[in-house]
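A, B, ... follow the sequence lines: proteins, then strands. Residue 1 opens every chain.
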Amino acid sequence: MDYSALFLQVVQQIINGISVGSIYALIALGYTMVYGIIRLINFAHGDIYMLGAYVGFYCTTVFQFSFLPALLMAMIVAAIAGMIIERVAYRPLRYAPRMAVLITAIGVSLLLEYGGILVVSPQTRTFPAVFPTTLYNIGGVIISSQQVLILAVSIILMVILTYTVQRTKIGKAMRAVSFDTDAARLMGINVDMVISITFAIGSGLAAAAGVLVGVYYNSIDPLMGIMPGLKAFIAAVLGGIGIIPGAMLGGIIMGVVEALVSGFISSTYRDAAAFAILIIILLLKPAGLLGKNVREKV
Amino acid sequence: MRERTKKDLIFLFISVVLYAIFEGLMLTGFIPPYMERSIVTICINIILAASLNLINGITGQFSIGHAGFMAVGAYVGAIMTVKFSLPFIVAILAGACASALLGVLIGLPTLRLSGDYLAIATLGLGEIIRIVILNISYVGGASGFMGIPKDTTFTWAFFVMIFTLLFIRNFVDSSHGRACIAIRENEIAAEAMGVNTTRYKVLAFAIGAAFAGVAGALFAHYNYMAHPGSFNFLKSFDILTMVVFGGLGSMTGAVTGAVVLTLLTFLLADIPELRMVIYSLLLIILMLYRPQGLFGSRELSLKMFTRLLGGGRRDNA
């Protein structure tokens, strides 16, 4: 067996995995932030990613925007959509049973998916090639310009996010609300506004992921958000839900594992691998890779 | 006669009358054949909703992977009738046993988790079951299991449903059921009172899984085929929706939820694009205005009727 060829193939799959993984990481950030702040699995998050892809699609095809304005536009529209969803569907249920909020989230998710089918038709659209594809061959490993772009945009967005959360006033407020909502409210933090902004940021990141996926795979459809949404959620759990660096790490790991499984075992088991990761992490370390174990108190 | 037995007999009597009415209407043609399909589907969905209610509503364990157990029941049942040419009843029982066994195997490790984590784990397990089936060529793989005899009739579906409801109702009213309710109310307190929480959680999970398997076997033998795509997590969400719609923890609620939502799906079948939009809007609106579901955790009983009538009489006087 030729080991150098095998090695090259492994490296190639890891590189493919990192670019898909950074997309999972961007979506996972939204899940983890929302969960960290209101303990809600926002099932509609994957569909916000779909919404972002479509806004990007219409910006580049109908309005002839170039890539960057289209990306920003998609992020802004998705952020507003995220805030509206939170205001209309989740805020009235803040003190309702958890199951009711979860069902509402599923409802919102179905509404976005099938509303999307109604509005933009169920057919798959071809995302325009906003960037010329260049393939770089580095010692036998092929990297495309899209992969470089995905990684660059993801890293820039994650740096901005980390700065916002760690260094700004609103970031401090978000951390405070996530730590103890009632205490934060007593300290004069406008909790509702902070939650609203969290949804906006998370949705914006998901929309960026949507546009990037459009550029990478060249095709989008109204149900494209279901699987990446679930996988990004698994990524968030893997890294430790509620922990921002955990979502980034989890996303990358998920992407790499998936690429390796589809490259070396079978692509039909790719989705099973994602769920297997989920089960294993939940059984061995439910708090996630970067999470701390919290003792249950009576 | 024991109170419980009396109630069961009344329930059985009402069911037989209901069965006679429906069967009569079908035979005389008042219910057209295409409506029979929705009635059988309602029966199957009631089994699913009632069994999920036992896990989610009664025992308080948040499971959203019910379609996975349904898939196991459907496929194991279909193997029995297609590959081994065994009678239908064997297929149903085999489906139930296989699902229950899997429920125990899955339940033992995962039921240590609580709340959202359990929900995600069950969702993942449901999907894994589906993907594994998708890759087994013995049962048709991605193209589905073809050539299953159509053994499920209205009679089968109806009486299996009645059996399920009676079984779960009596389980909930037994000391085992009370232990499950105690776990739902406060797991730590239940443990302190000497309830073996793991045992009862796994027991409830296995019974719920078994009936989901029964429903799966009925489903596969009604549709001539079983397809992995019919058992994805959207199906699990469907069942969960029925339970929450009717009221978590209420058997009446689970039945009502299954009937209303299945009928709704059939009524909206002519406008497929709008169907899911209306369905999702209804779901959101119901949750916003009545998060505890239609019935809350109350049950519809004869006592309730007599109380209502009694109240009415007092008003008149």
Side-chain angles (χ1 to χ4, degrees), chain A residues 35 39-41 43 85 88-93 95-119 121-122 226-227 230 233-234 236-237 241 266 268-283 286-288 296-298, chain B residues 56-57 62 64 106 109-110 112-132 134-135 141-142 186-189 192 232-234 237-238 240-241 243-245 248 272-293:
Chain A
Y35 189 89
R39 302 278 176 271
L40 162 71
I41 305 175
F43 274 111
I85 290 172
V88 176
Y90 302 149
R91 191 176 295 179
L93 290 171
Y95 302 102
R98 295 276 285 283
M99 201 80 93
V101 195
L102 197 81
I103 295 284
T104 314
I106 293 170
V108 173
S109 164
L110 290 176
L111 182 65
L112 285 175
E113 282 157 19
Y114 291 92
I117 286 183
L118 210 60
V119 175
S121 87
I226 300 178
M227 259 304 155
L230 278 180
F233 181 70
I234 298 173
V237 176
I241 195 148
S266 158
T268 45
Y269 276 108
R270 197 184 58 193
D271 295 347
F275 290 108
I277 293 179
L278 172 75
I279 306 296
I280 294 167
I281 192 78
L282 283 177
L283 293 181
E296 195 180 351
K297 280 179 283 189
V298 178
Chain B
N56 278 21
F62 199 170
I64 46 177
I106 289 176
T110 49
R112 285 189 305 155
L113 303 165
S114 61
D116 292 344
Y117 287 113
L118 178 66
I120 312 156
T122 48
L123 176 73
L125 285 166
E127 283 294 290
I128 288 178
I129 294 173
R130 185 178 65 85
I131 296 168
V132 168
L134 199 68
N135 284 290
N186 190 331
E187 195 171 334
I188 295 166
N232 59 8
F233 66 96
L234 288 175
F237 284 177
D238 252 5
L240 182 68
T241 308
V243 176
V244 179
F245 183 92
L248 207 56
E273 297 89 12
L274 263 176
R275 188 182 94 188
M276 291 306 286
V277 175
I278 295 174
Y279 186 82
S280 54
L281 277 176
L282 268 180
L283 207 60
I284 298 172
I285 292 167
L286 181 86
M287 283 302 116
L288 287 180
Y289 291 102
R290 206 170 158 76
Q292 73 273 39

Undergrad: Assess the residue pair B:F237 and A:F43 against the criterion (side-chain contact (heavy atoms from CB on, under 4.5 Å)); give the C-alpha distance rounded to whole Å, side-chain angles, the decisive distance to 0.1 Å, and a yes or no.
TA: CA-CA 11 Å; B:F237 284 177; A:F43 274 111; 3.9 Å; yes

Undergrad: What part of B:L274 gets within 4.5 angstrom of chain A, counting heavy atoms only: side chain, backbone, both, or neither?
TA: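 Interface part for B:L274: both.
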
Undergrad: Can you find a pair of side-chain heavy atoms, one from B:M276 and one from A:L118, that are under 4.5 Å apart?
TA: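 Side-chain contact under 4.5 Å: no.
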
Undergrad: Evaluate the side-chain contact (heavy atoms from CB on, under 4.5 Å) criterion for residues B:L286 and A:I103: first the C-alpha distance (whole Å), next the side-chain angles of each, then the deciding distance (0.1 Å), finally the verdict.
TA: CA-CA 10 Å; B:L286 181 86; A:I103 295 284; over 6 Å; no

Undergrad: Below 4.5 Å from any heavy atom of chain B, which atoms of A:L112 appear? Answer side chain, backbone, both or neither.
TA: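 Contact with chain B involves no heavy atom of A:L112 at all.
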
Undergrad: For B:F245, is it the side chain, the backbone, both or neither that has a heavy atom under 4.5 Å from a heavy atom of chain A?
TA: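 Neither part.
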
Undergrad: For A:L93 and B:P291, which heavy atoms make the closest approach, and how far apart are they?
TA: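 Closest approach of A:L93 to B:P291: CD2-CB, 4.0 Å.
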
Undergrad: When rounded to the nearest 0.5 angstrom, what distance separates CG in B:L234 from OG in A:S109?
TA: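 Interatomic distance, B:L234 CG to A:S109 OG, rounded to 0.5 Å: 8.0 Å.
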
Undergrad: Which residue pairs satisfy the salt bridge (Lys or Arg N to Asp or Glu O under 4.0 Å) criterion with at least one member in residues 121-130 of chain B, sequence neighbours excluded?
TA: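 Found B:E127-B:R130.
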
Undergrad: Give the member of B:V244, B:L134, B:I128, B:N135 that has the highest number of heavy-atom pairs under 4.5 Å with chain A.
TA: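 Of the candidates given, the most pairs with chain A belong to B:N135.
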
Undergrad: Quick one: pull up CD1 in A:I226 and CG in B:N232 and give me the separation to the nearest 0.5 Å.
TA: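 Result: 8.0 Å between the selected atoms.
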
Undergrad: Please flag which part of B:L125 lies under 4.5 Å from any non-hydrogen atom of chain A: side chain, backbone, both or neither.
TA: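 It is both, since atoms from each part get that close.
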
Undergrad: Where is the tightest heavy-atom contact between A:L111 and B:I284, given as atom of each residue plus distance?
TA: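 What the structure gives for the nearest pair is CD2-CD1, 4.1 Å.
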
Undergrad: Please determine, among A:L283, A:L102, A:L278, A:T104, the option with the most heavy-atom pairs under 4.5 Å with chain B.
TA: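 Option with the greatest count: A:L283.
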
Undergrad: Looking at every non-hydrogen atom in both residues, tell me the closest pair between B:A121 and A:L282 and how far apart they are.
TA: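 Taking every non-hydrogen atom into account, CB-CD1, 3.4 Å.
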
Undergrad: What option among A:V88, A:L230, A:V101 has the most heavy-atom pairs under 4.5 Å with chain B?
TA: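 With the most close heavy-atom pairs to chain B, the winner is A:L230.
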
Undergrad: Against chain B, label A:F233 side chain, backbone, both or neither, depending on which of its atoms sit under 4.5 Å from a heavy atom there.
TA: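 Answer is side chain: those atoms of A:F233 sit under 4.5 Å from chain B.
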
Undergrad: Kindly state each residue pair satisfying side chain to side chain donor-acceptor pair (under 3.5 Å) with at least one member in residues 280-292 of chain B, sequence neighbours excluded.
TA: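 For residues 280-292 of chain B, and leaving out neighbouring residues, there are no side chain to side chain donor-acceptor pair (under 3.5 Å) pairs at all.
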
Undergrad: I need the B:I278 CD1 to A:L110 CG distance, nearest 0.5 Å.
TA: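 B:I278 atom CD1 to A:L110 atom CG measures 13.5 Å (nearest 0.5 Å).
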
